[in-house]
Engineer: 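Let me begin by handing over the structure; questions about it come next.
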Protein chains: 2
Amino acid sequence: MSQKLNQIFSALADPTRRDILMMLLEDDMAVTDVAEPFDMSLAAISKHLIVLSNAGLILQERRGRVKWCKLDTEAIHAAFIWIQSFGQLDPMNLDSFEEFLETEKLLNKPGST
Amino acid sequence: MSQKLNQIFSALADPTRRDILMMLLEDDMAVTDVAEPFDMSLAAISKHLIVLSNAGLILQERRGRVKWCKLDTEAIHAAFIWIQSFGQLDPMNLDSFEEFLETEKLLNKPGST
DNA sequence: CTATTATTCAACTATTTGGTTGAATAAAGT
DNA sequence: ACTTTATTCAACCAAATAGTTGAATAATAG
């Protein structure tokens with residue numbers, strides 16, 4: 001579980017990989033097509049895709065000589081849940097929650113207890 | 001912005017650092033107290049705290065010879081927003097959304113277009 | 001002033017990461 | 001069969017990461 005979160009967060013820590021995920025939001029893609037917009041070798045993209053796959057952020061399925069990549073929501077969901085549970089952020093009221101935290105920050109100076 | 005997300009996610013990718021954040025959820029702590037439960041040198045924890053601080057996940061404030069660490073919600077909020085915008089996850093309806101995605105998975109096989 | 005406590009710095013090490021290139025494999029197309 | 005297309009493998013490299021230890025700095029206590 002902790003190990004899985006390690007993989008998910010470190011996969012998300014790379015901007016190329018986040019871009020890939022965004023691209024896959026549009027549609028499933030072959031490895032070559034994923035690589036196309038990047039100024040980077042195909043092998044490098046292939047490695048990024050393996051990292052994403054190991055983290056459970058994408059699924060890869062070979063069809064003939066093409067390997068299709070598609071989003072897998074499982075991992076992103078796990079990350080989402082972790083962050084959500086962290087500090088009981090209320091996603092429906094982020095703005096007001098933010099205000100609350102701003103107030104907290106002012107009131108709850110370190111050492112004030 | 002992208003750079004900030006890099007820092008936030010890679011800070012969250014380490015289990016020691018996630019543990020530290022969880023500890024700080026309880027209360028603000030001095031560096032030495034943060035280090036106490038870990039089987040690791042103080043210097044190592046100090047470095048982890050600097051990583052968390054650089055990512056904007058915590059704030060550190062020196063009071064006398066003690067440096068207090070407290071959560072900063074700014075960064076976790078940014079990560080939350082990124083993930084939330086990703087795939088338009090509706091946090092209030094995660095279960096039904098999950099079901100939706102399961103259905104999508106079955107219908108939207110790669111190469112089905 | 002001296003000792004103690006809290007924290008960081010500096011130097012070093014091992015491992016991981018993100019990239020490269022060229023060769024290898026796999027599946028079609030002709 | 002031969003060629004092209006899609007992807008990965010293997011070997012390599014530079015930089016970053018996570019840890020160590022011992023010395024240095026900073027502030028408080030006696």
Side-chain angles (χ1 to χ4, degrees), chain A residues 2-21 23-24 27-70 75 110-111 113, chain B residues 2-21 23-24 27-70 75 110-111 113:
Chain A
S2 173
Q3 168 61 18
K4 199 69 196 175
L5 280 174
N6 298 356
Q7 287 182 280
I8 295 168
F9 283 125
S10 76
L12 293 177
D14 184 278
T16 302
R17 288 192 291 260
R18 286 198 307 275
D19 285 346
I20 291 173
L21 291 176
M23 289 164 59
L24 292 176
D27 210 349
D28 303 343
M29 295 177 87
V31 174
T32 309
D33 297 330
V34 170
E36 196 269 327
F38 295 98
D39 188 20
M40 192 182 299
S41 72
L42 200 51
I45 295 295
S46 177
K47 282 189 191 177
H48 279 305
L49 289 169
I50 288 165
V51 171
L52 288 170
S53 181
N54 288 339
L57 286 159
I58 66 166
L59 293 166
Q60 293 187 287
E61 182 186 347
R62 187 148 213 145
R63 289 219 168 190
R65 62 183 164 181
V66 174
K67 196 170 196 177
W68 291 92
C69 307
K70 67 178 304 180
T113 49
Chain B
S2 175
Q3 167 61 19
K4 200 68 197 175
L5 281 174
N6 298 356
Q7 286 182 279
I8 294 167
F9 283 126
S10 76
L12 293 177
D14 185 279
T16 302
R17 288 193 291 258
R18 286 198 306 276
D19 285 347
I20 291 173
L21 291 176
M23 289 163 61
L24 292 176
D27 211 349
D28 303 342
M29 296 177 87
V31 174
T32 309
D33 297 330
V34 169
E36 196 270 327
F38 296 98
D39 188 20
M40 192 181 301
S41 72
L42 199 52
I45 295 295
S46 176
K47 281 188 190 177
H48 279 306
L49 289 169
I50 288 165
V51 171
L52 288 170
S53 180
N54 288 339
L57 287 160
I58 66 167
L59 292 167
Q60 291 187 289
E61 183 186 346
R62 187 148 212 144
R63 290 220 169 189
R65 62 184 166 183
V66 174
K67 195 170 195 176
W68 290 94
C69 307
K70 66 179 304 181
T113 49

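Hydrogens, waters and symmetry mates play no part in the numbers below; they use all other heavy atoms, side chains included. Lettering follows sequence order; numbering is per chain, from 1.
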Engineer: Rounded to the nearest 0.5 Å, how far apart are OG1 of Thr32(B) and NZ of Lys67(B)?
Structural biologist: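 The NZ atom of Lys67(B) is 11.5 Å from OG1 of Thr32(B), to the nearest 0.5 Å.
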Engineer: With 3.5 Å as the limit, what N/O pairs link the protein to nucleotides 28-30 of chain C?
Structural biologist:
none

Engineer: Taking the side chain as C-beta and beyond, is there a heavy-atom pair between Trp68(A) and Arg62(A) under 4.5 Å?
Structural biologist: no
Engineer: Report the nucleotide, chosen from dG19(D), dT8(D), dT8(C), that has the shortest atom-to-atom distance to any side-chain atom of Lys67(B).
Structural biologist: dT8(C)
Engineer: Taking atom CD1 of Ile50(B) and atom CD1 of Ile45(B), what is their separation to the nearest 0.5 Å?
Structural biologist: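 Going from CD1 on Ile50(B) over to CD1 on Ile45(B), the span is 11.5 Å.
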Engineer: Heavy atoms within less than 4.0 Å of DNA chain C: which residues of residues 5-14 of chain B have one? Give them sorted by number.
Structural biologist: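 Nothing qualifies; none.
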Engineer: Using side-chain heavy atoms (C-beta onward) and a distance below 4.5 Å, is Glu61(B) in contact with Lys70(B)?
Structural biologist: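 The answer is no, as the side chains (C-beta and beyond) never meet within the 4.5 Å cut-off.
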Engineer: To the nearest 0.5 Å, how far apart are CG in Leu5(B) and CG in Asp14(A)?
Structural biologist: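 One finds 12.0 Å between CG of Leu5(B) and CG of Asp14(A).
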Engineer: From dT20(D), dA18(D), dT8(C), pick the nucleotide closest to the side chain of Arg62(B)?
Structural biologist: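 That would be dT8(C).
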Engineer: Once rounded to the nearest 0.5 Å, what's the spacing between atom SG of Cys69(B) and atom CG of Leu21(B)?
Structural biologist: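 One gets 10.5 Å once the value is rounded to the nearest 0.5 Å.
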Engineer: Are Ser41(A) and dT20(C) close enough that a side-chain N or O sits under 4.0 Å from OP1 or OP2?
Structural biologist: yes
Engineer: Can you check the Phe38(B) CZ to dT7(C) C1' distance for me, whole Å?
Structural biologist: 17 Å
Engineer: Quick one: does Ser10(B)'s side chain have a donor or acceptor within less than 3.5 Å of a partner on Asn6(B)'s backbone?
Structural biologist: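 Checking the backbone N and O of Asn6(B) against the side chain of Ser10(B), a donor-acceptor pair under 3.5 Å is found.
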Engineer: Can you tell me the distance, in whole Å, between the CE atom of Met29(A) and the P atom of dA6(D)?
Structural biologist: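 Checked: the CE to P distance equals 13 Å.
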Engineer: Pick the closest DNA chain C nucleotide for Leu42(A) and for Val31(B) by heavy atoms, then say which residue is nearer the 5' end.
Structural biologist: Val31(B)
Engineer: Should Ser53(B) and Leu59(B) count as side-chain neighbours, where that means a heavy-atom distance under 4.5 Å?
Structural biologist: no
Engineer: Starting at atom CG of Leu52(B), determine the distance to atom C1' of dA18(D), rounded to an integer number of angstrom.
Structural biologist: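 Computing the Leu52(B):CG to dA18(D):C1' distance gives 13 Å.
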Engineer: Can you tell me which nucleotide in dG19(D), dA6(D), dA18(D) comes closest to the side chain of Arg17(B)?
Structural biologist: dA18(D)
Engineer: From the list dT20(C), dT7(D), dT8(C), which nucleotide is the closest neighbour of the side chain of Met40(A)?
Structural biologist: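 Per side-chain heavy atoms of Met40(A), the pick is dT20(C).
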Engineer: Nearest 0.5 angstrom please: Ile20(A) CD1 to His48(A) NE2, how far?
Structural biologist: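 Going from CD1 on Ile20(A) over to NE2 on His48(A), the span is 6.0 Å.
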Engineer: So do the side chains of Phe9(B) and Ile8(A) get within less than 4.5 Å of each other, counting heavy atoms only?
Structural biologist: no
Engineer: Using a 3.5 Å distance criterion without hydrogens, assess whether the side chain of Arg17(B) forms a donor-acceptor pair with backbone atoms of Leu12(B).
Structural biologist: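 Absent.
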Engineer: May I have the distance from Glu61(B) (atom CD) to dA27(D) (atom P), rounded to whole angstrom?
Structural biologist: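 After rounding, the reported distance stands at 14 Å.
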Engineer: Which of residues 43-51 of chain A sit near DNA chain C, with a heavy atom under 4.0 Å from it?
Structural biologist: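 Of all residues in residues 43-51 of chain A, the ones placing a heavy atom under 4.0 Å from DNA chain C are Ala43(A), Ala44(A), Lys47(A), His48(A).
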